[in-house]
Amino acid sequence: MIKLITVSISALLSFTTTITSAKDVNYYVISKQAAPFQIENKADQHSGIVTDIVKKVFEGSSYAINYHSYPFNRMISILEDGGQPNWITYGSPSWGGVQAENLSEEPIYTVKHVLLSSKKNEFTFTDMKDMNSKIVVLLHGFDYPQLTPFIKSGDIEELRVKDYQAAFRIVKKLQGDAAFVEMDSRIKYNFSQLGLDNEQYKTQSFNKVIPDYPIYLALDPNMDKSIQSFINSRLKSMKDSGELDIIVNKYI
């Protein structure tokens with residue numbers, strides 16, 4: 001009789017653990033390079049457009065958010081290997097790979113790329129011919145297939161930098177001979193964070209080369225269907241109520 005009771009308790013504990021884990025969602029954060037979409041102030045303090053949206057989606061629910069922070073390439077490798085169950089990050093169809101396999105029904109933001117250059121010796125961008133013999137500044141880890149043919153042909157020179165401060169410094173120093181290609185939202189956010197005078201820079205649309213595109217919550221392809229339905233339902237409500245716009249406008 002005692003043995004039977006012991007087995008029953010063990011089975012109950014196992015069942016309880018399964019139920020608990022089914023209520024967890026695992027949110028993956030790109031460390032250091034993803035602001036204003038994902039921001040880490042400290043190891044346990046997370047904010048940003050995507051992060052705040054994820055928090056709002058699960059606010060008041062029975063789901064618990066577990067945070068996992070990694071450099072970009074490491075995060076992608078982990079997710080390609082399966083990641084933790086019911087994982088979430090952000091992505092877009094144009095990015096391909098694991099960040100495009102299973103997306104939320106509602107987009108959460110529209111990405112716009114711009115060309116940032118100095119106002120001294122400024123130039124006007126109409127097409128890539130205007131970039132001939134100029135330096136294109138890019139962040140490490142971010143690749144743009146649309147620029148690859150021009151880099152390979154030698155029409156433009158590629159210069160990689162580790163952070164925004166370095167990119168802004170080079171653009172300012174080279175006065176019209178260099179331009180930084182980046183998302184408009186990320187440039188605005190980092191200008192604000194660094195306390196820079198944006199009047200010294202010229203920002204031009206780059207959507208003729210990198211068209212505007214939507215980003216979504218990227219979801220585990222094997223995500224529990226009930227969690228996925230919950231996420232999509234909440235995102236639709238947030239879009240209809242204007243909550244998505246409120247979150248975005250807080251950072252941009």
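Note that the structure is a prediction, hence the values are computed from the model and not measured.
A continuous path of hydrophobic side-chain contacts links M183 to I53 [ILVMFWY only; heavy atoms under 4.5 Å]. If you chain together hydrophobic residues whose side chains sit under 4.5 Å apart, I39 and V29 fall into the same group. One hydrophobic cluster holds both V111 and I252 under the rule that ILVMFWY side chains link at heavy-atom gaps under 4.5 Å. Hydrophobic clustering of Ile, Leu, Val, Met, Phe, Trp and Tyr side chains at less than 4.5 Å, counting indirect connections, unites L244 with Y27. Y109 and Y216 fall into different hydrophobic clusters, where Ile, Leu, Val, Met, Phe, Trp and Tyr are joined by side-chain heavy atoms under 4.5 Å apart, directly or via other members.
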S118 and K172: CA distance, side-chain angles, deciding distance, side chain to side chain donor-acceptor pair (under 3.5 Å) verdict: CA-CA 5 Å; S118 172; K172 184 178 179 181; over 6 Å; no
CA sep, side-chain torsions, deciding dist, call: S241, E243, side chain to side chain donor-acceptor pair (under 3.5 Å): CA-CA 6 Å; S241 69; E243 285 180 288; 3.1 Å; yes
Intermediate values then yes/no, salt bridge (charged side-chain N to carboxylate O under 4.0 Å, His left out), D184 and K188: CA-CA 6 Å; D184 184 48; K188 288 178 178 177; 3.2 Å; yes
Verdict with reasoning, D220 to E101, per side-chain contact (heavy atoms from CB on, under 4.5 Å): CA-CA 8 Å; D220 180 356; E101 288 182 23; over 6 Å; no
Candidate pair I231 and I88, rule side-chain contact (heavy atoms from CB on, under 4.5 Å), full reasoning: CA-CA 10 Å; I231 291 170; I88 303 173; 3.8 Å; yes
Stepwise side-chain contact (heavy atoms from CB on, under 4.5 Å) check, L159 with V136: CA-CA 6 Å; L159 177 60; V136 173; over 6 Å; no
Test side-chain contact (heavy atoms from CB on, under 4.5 Å) applied to L147 and L138, step by step: CA-CA 11 Å; L147 293 176; L138 302 172; 4.1 Å; yes
Check against salt bridge (charged side-chain N to carboxylate O under 4.0 Å, His left out), K236 and E105: CA-CA 8 Å; K236 186 178 187 308; E105 292 175 0; over 6 Å; no
CA sep, side-chain torsions, deciding dist, call: D143, R160, salt bridge (charged side-chain N to carboxylate O under 4.0 Å, His left out): CA-CA 10 Å; D143 296 315; R160 293 282 180 172; 2.7 Å; yes
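For the atom pair CZ of F123 and CG of D177, the computed distance is 9.0 Å after rounding to the nearest 0.5 Å. Atom CG of N207 is separated from atom CG of L115 by 11.5 Å, given to the nearest 0.5 angstrom. Atom CE of M223 and atom OG of S229 lie 10.5 Å apart (nearest 0.5 Å). To the nearest 0.5 Å, atoms CD (Q99) and CD1 (I215) are separated by 10.0 Å. Atoms OG and CG, from S205 and D212 in turn, are 6.5 Å apart once rounded to the nearest 0.5 Å. Considering NZ of K56 and CG of L235, their distance stands at 13.0 Å, rounded to 0.5 Å.
Two residues are said to be in side-chain contact when any heavy atoms from C-beta on lie closer than 4.5 Å; I135 and L174 meet this criterion. Inter-residue side-chain proximity for T110 and Y213 is flagged as unmet; no heavy-atom pair is nearer than 4.5 Å. Proximity of M75 to T89: side-chain heavy atoms (C-beta onward) are separated by under 4.5 Å at one or more points. Using a 4.5 Å heavy-atom threshold, the side chains of M128 and V209 count as touching. Inter-residue side-chain proximity for V57 and M238 is flagged as met; some heavy-atom pair is nearer than 4.5 Å. Two residues are said to be in side-chain contact when any heavy atoms from C-beta on lie closer than 4.5 Å; K239 and D245 fail this criterion. Between I49 and Q38, every side-chain heavy-atom pair lies at or beyond the 4.5 Å cut-off. Residues Q228 and L219 are in side-chain contact: their nearest non-hydrogen atoms beyond the backbone lie under 4.5 Å apart.
Salt-bridge annotation for K134 and E157: absent, with no side-chain N of the basic residue lying under 4.0 Å from a carboxylate O of the acidic one. Between K250 and D52 there is a salt bridge, since a side-chain N of the basic residue sits under 4.0 Å from a carboxylate O of the acidic one.
Put simply, the residue from F72, Y90, Y189 that forms a ring pair (Phe, Tyr, Trp, His ring centres under 6.0 Å) with F37 is Y90.
The closest donor-acceptor contact from the side chain of N26 to the backbone of P85 lies under 3.5 Å. In terms of modelled atom types and a separation under 3.5 Å, the side chain of Q204 and the main chain of F125 share a donor-acceptor contact. Remark: side-chain polar atoms of K32 are not paired, donor with acceptor, to backbone N or O of P71 under 3.5 angstrom.
Counting all heavy atoms, side chain and backbone alike, I247 lies closest to Y251 at O-CD1, 3.4 Å. Across all their heavy atoms, K162 and L139 have their closest contact at C-CD2, 4.3 Å. Looking at every heavy atom in both residues, P214 comes nearest to S92 through O-OG, 3.0 Å. Taking each heavy atom of L217 and I108 in turn, the nearest pair found is CD2-CD1, 4.0 Å. For D155 against S153, the heavy-atom pair with the smallest separation is OD2-OG, 3.0 Å. Residue P211 comes nearest to Q146 through the heavy atom pair CD-NE2, 4.3 Å, listed as atom of the first residue, atom of the second, then distance.
The cationic atom of R169 (NZ for Lys, CZ for Arg) does not lie both less than 6.0 Å from the six-membered ring centre of F180 and within 45° of the ring axis.
Under the ring pair (Phe, Tyr, Trp, His ring centres under 6.0 Å) criterion, F191 pairs with F168, Y201, sequence neighbours left out.
Atom NZ of K120 sits in a sparse spot, with 12 or fewer heavy atoms from other residues, nucleotides or ligands closer than 6.0 Å. By the 6.0 Å contact criterion, CD on E122 is enclosed, its count of non-hydrogen atoms from other residues, nucleotides or ligands being greater than 12.
Below 30°, between 30° and 60°, or above 60°: for Y67 and H46 the angle between ring planes is below 30°, a parallel geometry. The aromatic rings of Y28 and W87 lie perpendicular to each other, with more than 60° between the two planes, well past the 30° mark.
Applying the side-chain hydrogen bond (donor to acceptor under 3.5 Å, both in side chains) test to residues at least two apart or on different chains, the pairs with a partner in residues 69-80 are E40-S69.
A donor and an acceptor atom, one from each side chain of K23 and S62, are located under 3.5 Å apart.
Through ILVMFWY side-chain contacts below 4.5 Å, I246 is grouped with nothing and stands alone.
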